[in-house]
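None of these values were measured; they are calculated from a predicted model.
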Amino acid sequence: MKHRAVKRRTVLMGIGATAGVAAAGGLALNAQASGGGTDDTNGSGTLVFDRDDYTELTTTIGADDGAKKVTYHFYKAITYVTRPVNPDYQSLVVSVPVEIDGKAVDATAAPIVFANAVGGYFPASVADAAGVGEATMEMGGVGGPPGAGAPGATPSGGAGAGAEAGTGDVESGGNSMLDGMGKMVSLPKLALAAGYVVVEPGCRGRSLTDAGGTYYGTAPAAIVDLKAAVRYVRSNKGRIPGNTDRIVSTGTSAGGALSALLGASGNSPLYAGYLKEAGAAEASDAVFASGDWCPIADLEHADGAYEWNWGTSVTQSTGKQVDQAVSAELRSRFAEYQAGLKLRGIGRFGALTARNYDQYLLQTYLQPAATTYLTRLSASDRAAYLARNTFITWKDNRAAFTWEDYLAHVGARKKTIPAFDAFDLSAGENNEFGQGVTQARHFTRYSLKNDSTGISSKRLDSDIPEKLKLMNPMYHIEQKNPGRSKHWWIRVGTTDSDTSLTVVGNLAAGLDNLGDDVNSLMYWDEGHGANTDAADFLTWIAEVTGHRK
């Protein structure tokens, strides 16, 4: 299917960060479909991968002694549903290695790395991608039919779309992240150079509007699209290169949350109506493994979790503490939620509660992260670092410090209060739960109760509870979803205050408690979007999938 060129106002390359009849739950899927679609009711008849429709490309991936010359087959944007709302987003690209450093590669049975480029719950597109790693995360009112407008909501608590000055963070989302040396890392490119098949899906996002001002990319559009893309890949088993039973999802920030959601919600019947309406293939949408970096997830509990973690820290934008009365009330709500999860910490920690979570993070993640970082330094560099950071006790080659000293070391928090469901509806997540021509809505009772925009109703809209389930991996973990992934790679930087560290902690602990294979750790002194062990991730893929080159 040919695609028209999409007009964009802002396009970030690989970085992170519909008028008509609406489907059940308020997701518009039928009207104003750019490029149209078919009336195939089972969603599979026209979704056939053409293995001969590729361009052969050669590129060098990596730098210095680690650079590899890779020749690969690139399949341009393929629409993965039969009734797309906008194929500029509901399409994917495929990259298949055929030669690496002059050696022929047979990727027939290679794992498939399914790398989304979502950031900030904005849309992602591959419509103009001309090679591997060129999926784009888009911001503003982009990609909609003529007349689309730009929403005013900024990502995550009014923090803005870009990196905060001086934090070392990258844009929230995408497949390009920072390694430990401050260099950009492109997982799709590295995966291709490792001999894996790479699928990069586009998907709708919260900022998309049609000519009538209807938001057609808000929740749960992104996860519906990603599931449909997985179904397309799996329905083409034997045609599309790679092992369709070994799909490994990846994503960062909101994309990390969506990757975790793909892993946790595999084959859940909650999405069936949305997928049928879109014309998705009749196939499994479960993924074999899930790689999740700094996921912005568990949104209905994220405000309380954020205050538990960062409540006493000053805010970057003001240099002052947030309202401590509001912070304390939100912390209390988090404590109640955490107790209700009834999680056990990884290892022999026991019950995981708001009272002991600081010690759990110190013991399980933070002190080991500092230890790993310091161990890898030369003796002179380590001595210099410890001289600058006297709060760390270095004994028997192990780092130790208190929770209070750790918070002081991180310094200011990134977001104001509430961090995700803003009282004035200014957070990006408020836009994510918009509906129809309503740009932003509250999704927690607490913020609705304290709304500052003049909303008179104190009852959440009736569709919100179901949409929260559709967007939260923790819901599916609590339900012990049998179709979930059983292999997990979970990462976050220790100075990342885009969300609470408990989000990663609970995600990893919940999966571990179910008996899943969980590889989780934190990167010391790294911010949002960090990826300091990409090579280890690629090795892990081979191990868990049983791939032999």
Legend entry - Spatial distance of atom CZ (Phe49) from atom CD1 (Ile78) [nearest 0.5 Å]: 5.0 Å

Inset, instruction - Determine whether Leu208 and Asn86 make a side-chain contact, defined as any pair of heavy atoms from C-beta on separated by less than 4.5 Å. - result: no

Inset, instruction - Using modelled atom types only, decide if a donor and an acceptor are shared between the side chain of Arg51 and the backbone of Gly238 within a distance under 3.5 Å. - result: yes

Inset, instruction - Could you go through the side chain to side chain contact (heavy atoms under 4.5 Å, CB included) check for His476 and Leu270 one step at a time? - result: CA-CA 10 Å; His476 301 278; Leu270 291 182; 4.0 Å; yes

Legend entry - Passing candidate, ring-ring contact (aromatic ring centres under 6.0 Å, His included) with Tyr75, options Tyr232, Tyr54, Tyr80: Tyr54

Inset, instruction - Taking the side chain as every heavy atom from C-beta outward, state whether Glu432 and Phe443 have any pair of such atoms under 4.5 Å apart. - result: no

Legend entry - Beyond-backbone contact of Ile61 with Lys69, side-chain heavy atoms, under 4.5 angstrom: no

Legend entry - Rounded distance [0.5 Å steps], CG in Asn116 versus SG in Cys203: 6.5 Å

Inset, instruction - Check for a donor-acceptor pair, side chain of Ser259 on one end and backbone N or O of Ser290 on the other, with a separation under 3.5 Å. - result: no

Legend entry - Under 3.5 Å donor-acceptor, Arg206 side chain and Gly120 backbone: yes

Legend entry - Arg234 side chain to Ala286 backbone, donor-acceptor under 3.5 Å: yes

Inset, instruction - Locate the shortest heavy-atom distance separating Val126 from Ser91; write the atom from each residue and the value. - result: CG2-O, 3.4 Å

Inset, instruction - Using distance alone, with no hydrogens and no angle criterion, decide if Asp533 and Tyr523 have a side-chain donor and acceptor under 3.5 Å apart. - result: yes

Inset, instruction - Calculate, to the nearest 0.5 Å, the distance between atoms CG and OG belonging to Leu470 and Ser268 respectively. - result: 7.5 Å

Inset, instruction - Could you pull out all residues at least two apart from Asp245 that satisfy salt bridge (Lys or Arg N to Asp or Glu O under 4.0 Å)? - result: Lys237

Legend entry - Donor-acceptor pair, side chain of Arg239 and main chain of Ser235, under 3.5 angstrom: yes

Legend entry - Donor-acceptor under 3.5 Å (Ser497 side chain, Lys414 main chain): yes

Legend entry - Closest heavy-atom pair and its distance - Val287, Gly263: CG2-CA, 3.7 Å

Inset, instruction - State, without any angle test, whether Tyr72 and Thr59 hold a side-chain donor-acceptor pair at a distance under 3.5 Å. - result: no

Inset, instruction - Using modelled atom types only, decide if a donor and an acceptor are shared between the side chain of Asp516 and the backbone of Val518 within a distance under 3.5 Å. - result: no

Legend entry - Spatial distance of atom CD1 (Ile296) from atom CG (Asp498) [nearest 0.5 Å]: 5.0 Å

Legend entry - Shortest non-hydrogen contact from Ala419 toward Ala427: O-CB, 4.4 Å

Legend entry - Derivation of the side chain to side chain contact (heavy atoms under 4.5 Å, CB included) call for Asn236 and Thr244: CA-CA 8 Å; Asn236 279 285; Thr244 59; over 6 Å; no

Legend entry - Beyond-backbone contact of Arg491 with Asn531, side-chain heavy atoms, under 4.5 angstrom: no

Legend entry - Side chains of Leu507 and Pro295 in contact at under 4.5 Å (non-hydrogen atoms): yes

Legend entry - Distance-only donor-acceptor check, side chains Thr58 and Thr71, under 3.5 Å: yes

Inset, instruction - Evaluate the criterion side chain to side chain contact (heavy atoms under 4.5 Å, CB included) for residue pair Ile247 and Val199; output intermediate values, then yes/no. - result: CA-CA 9 Å; Ile247 299 174; Val199 173; over 6 Å; no

Legend entry - Arg376 atom CZ: more than 12 heavy-atom contacts under 6.0 Å: no

Legend entry - Close side-chain approach of His547 and Asn243, heavy atoms under 4.5 Å: no

Legend entry - Non-hydrogen atoms of Phe288 and Ser485 that approach each other most closely: O-OG, 2.9 Å

Inset, instruction - Working to the nearest 0.5 Å, report the span between OH of Tyr121 and CZ of Phe433. - result: 7.5 Å

Legend entry - Cation-pi check, Arg204 onto Tyr89 ring (under 6.0 Å, within 45° of axis): no

Legend entry - Minimum-distance pair of heavy atoms, taken over all atoms of Gly434 and Thr218: O-OG1, 2.9 Å

Inset, instruction - Start with the C-alpha gap between Thr499 and Val492, add the side-chain angles, then the distance that decides, and say whether side chain to side chain contact (heavy atoms under 4.5 Å, CB included) holds. - result: CA-CA 10 Å; Thr499 191; Val492 70; over 6 Å; no

Legend entry - Residue pairs passing the salt bridge (charged side-chain N to carboxylate O under 4.0 Å, His left out) test where at least one lies in residues 284-294, sequence neighbours excluded: Lys227-Asp285, Arg231-Asp285

Legend entry - Pair Asp101 + Lys68: basic N to acidic O under 4.0 Å: no

Legend entry - ring-ring contact (aromatic ring centres under 6.0 Å, His included) against Phe114, all qualifying residues, sequence neighbours excluded: none

Legend entry - Val503 backbone acceptor or donor facing Asp298 side chain under 3.5 Å: no

Inset, instruction - Examine distances only and state if a side-chain atom of Asn481 and a backbone atom of Gly266 form a donor-acceptor pair shorter than 3.5 Å. - result: yes

Inset, instruction - Classify the angle between the aromatic ring planes of Trp489 and Trp540 as parallel (below 30°), tilted (30 to 60°) or perpendicular (above 60°). - result: tilted

Legend entry - Rounded distance [0.5 Å steps], CH2 in Trp488 versus CD1 in Ile477: 5.5 Å

Inset, instruction - Kindly indicate whether the side chain of Phe537, heavy atoms from C-beta on, has any atom under 4.5 Å from the side chain of Thr250. - result: yes

Legend entry - Considering all heavy atoms, the nearest Lys486-Arg484 contact: NZ-O, 3.0 Å

Legend entry - Backbone of Ala117 reached by a side-chain donor or acceptor of Glu200 within 3.5 Å: no

Legend entry - Any Ser520 side-chain heavy atom under 4.5 Å of Ile346 side chain: yes

